[in-house]
There are 2 protein chains.
Amino acid sequence: MSQSEQRPARRREALSAAGIVRVAIEILDAEGEDALTFRSLAERLSTGAGAIYHHVANKDELLEAAAESLVSGVASTPESLVPSDESVRALMLEVFDLIDAHRWLGSQLARAPWQAAVLLVFEAVGDRLVIRGVSERHRFDVASALLQYVLGAAGQYAASLRIPTAVGRSEFLKTVTGDWTSRAGPEELPFVHSMARQLADHDDRRQFAAGVDLILAGAAANPRT
Amino acid sequence: MSQSEQRPARRREALSAAGIVRVAIEILDAEGEDALTFRSLAERLSTGAGAIYHHVANKDELLEAAAESLVSGVASTPESLVPSDESVRALMLEVFDLIDAHRWLGSQLARAPWQAAVLLVFEAVGDRLVIRGVSERHRFDVASALLQYVLGAAGQYAASLRIPTAVGRSEFLKTVTGDWTSRAGPEELPFVHSMARQLADHDDRRQFAAGVDLILAGAAANPRT
DNA sequence: ACCTGAACACCGTTCAAGT
DNA sequence: ACCTGAACACCGTTCAAGT
């Protein structure tokens, strides 16, 4: 404590946008969305908060870059040229798993509509639809529907409570709806109450895949023009 | 300016949770999400910021209550008992229009997964699926898919730029992707570039409806078990 | 050119003091 | 019981000063 004052000195290699994004992802993954601040980031980088602004315009850009960095890993060129639903399904599940592994990514994708990461998913989905042979007329509709579906799931799972499967039906409903449920019994929410077991027991990933299949089945059925 | 100091005095009727939520919605609608702070709210209510905490636990609860207040208006009992896709479609579009009219609602619904407002939409969708005669085995899948789809669209449109239809293709892409597009030409994003016209010209609402039809067509086709 | 860190203009939330 | 508004513990962002 009686250490004499001395200025910090500039040890350390130069900062870079890529390095900042990498550390930001580490913080987001390890400690969650709220833990990422310019102060915490600067501390981890042994620098001042202001230094970051020399490489990243602001926090939004930082989050978009972090999202793009992760998404670009899964949304690459289709590996198969065989026309089938399988490659579309596989891609959608890859995106799902990525969000599952990085919860903050869900909120980030849902936040800004045409950020780079979202565009990459749209491109990847579209590429596979072209290979699958979806007619030109329906491509845009199907790609949009799949994109919006995965973004909805992203936001949903990102904030979800990850209920242990052991939890029983009534306890689950209580957890999920808080005291709100007590205001609304089976008479007011018949459907929700009839689905309580599925809500408590369902597997998020399987559920997600079922929705993808529904959209692809609709695409195959060629809906009304 | 030489007015003598005097304490504010307690004119005004008592605060209430409902009144606070009403004024919060007014601020959100008129000035957007960022404009709603406990300070701005308190000013509009001619009170201190702390007073609000006697009626609302925190800002999250306030936003959830605001969302529920709006959603409860559209997600009421089905008006028709005729089994058809039409009532499902109509409900989905009502939710879409509600989000369109209150942009902040999109982000709010996408933010917290099982808040009251989301549960109300799930219930309303489910009720109509039961009437339509979707088999018990598929009800949960179809309701979940529709819910996630509308939440994805909600987040997307909430933040969307609302591009005037007059804007041309290249200008649109520039607006939407920023300088990111300049890094990625048609070789890297073939699908996005091939869809550029649809992206620029499409009608959000019609697009949304097309996705709903896709899911309903998939439900009718009875996807793989 | 890049970095540093104090300063600025905000937040949500708390809490002693009033009525 | 309810209200008031200053105070607290934060933010993102800016900017003079250093190297």
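Residues Val118(B) and Pro113(B) form no side-chain contact, since every pair of their non-hydrogen atoms from C-beta on lies 4.5 Å or further apart.
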Within the sub-3.5 Å range, which N or O atoms of nucleotides 13-17 of chain C have a protein N or O partner, and how far apart are they?
unit_1	atom_1	unit_2	atom_2	d
dT13(C)	OP2	Tyr53(B)	OH	3.0
dT13(C)	OP2	Lys59(B)	N	3.0
dT13(C)	O5'	Tyr53(B)	OH	3.2

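Ile20(A) places its CD1 atom 14 Å from the P atom of dG12(D), with the value rounded to the nearest Å. The separation between Leu41(B) atom CG and dC10(C) atom C1' is 17 Å, rounded to whole Å. Atom pair Asp34(B):CG and dC10(C):P shows a separation of 13 Å (rounding to whole Å applied). In this structure, the NE2 atom of His55(A) is 7 Å from the C1' atom of dC2(C), given to the nearest Å. What separates CD of Glu43(B) from P of dC3(D) is a distance of 18 Å, to the nearest Å.
Here the closest non-hydrogen pair linking Ala117(A) and Val71(A) is O-CG1, 3.6 Å. Residue Ile20(B) comes nearest to Val56(B) through the heavy atom pair CG2-CG2, 4.1 Å, listed as atom of the first residue, atom of the second, then distance.
By the side chain to side chain contact (heavy atoms under 4.5 Å, CB included) test, Asp34(B) is found to be paired with no residue, residues two or more places apart in sequence or in another chain being considered.
Checked by atom type and distance alone, the side chain of Glu33(A) never pairs as donor or acceptor with a backbone atom of Gln108(A) at under 3.5 Å.
Leu36(B) comes within 4.0 angstrom of sugar-phosphate atoms only, judged by non-hydrogen atoms across all strands, and of no base. The residue Leu62(B) sits apart from the nucleic acid: no heavy atom pair falls under 4.0 Å.
Taking a 6.0 Å sphere around CD of Glu43(B), one finds it holds 12 or fewer heavy atoms contributed by other residues, nucleotides or ligands.
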Worked verdict on Leu36(B) versus Leu63(B) for side chain to side chain contact (heavy atoms under 4.5 Å, CB included): CA-CA 10 Å; Leu36(B) 182 69; Leu63(B) 285 166; 4.1 Å; yes
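Contact check on Arg44(B) versus Glu31(B) returns a salt bridge, with a Lys/Arg side-chain nitrogen under 4.0 Å from an Asp/Glu carboxylate oxygen.
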Toss me the dot-bracket line for DNA chain C: Watson-Crick and G-U wobble, both under 3.5 Å, 5' to 3', using | for pairs to another strand and [ ] for crossers. ||.|||||...|||||.||
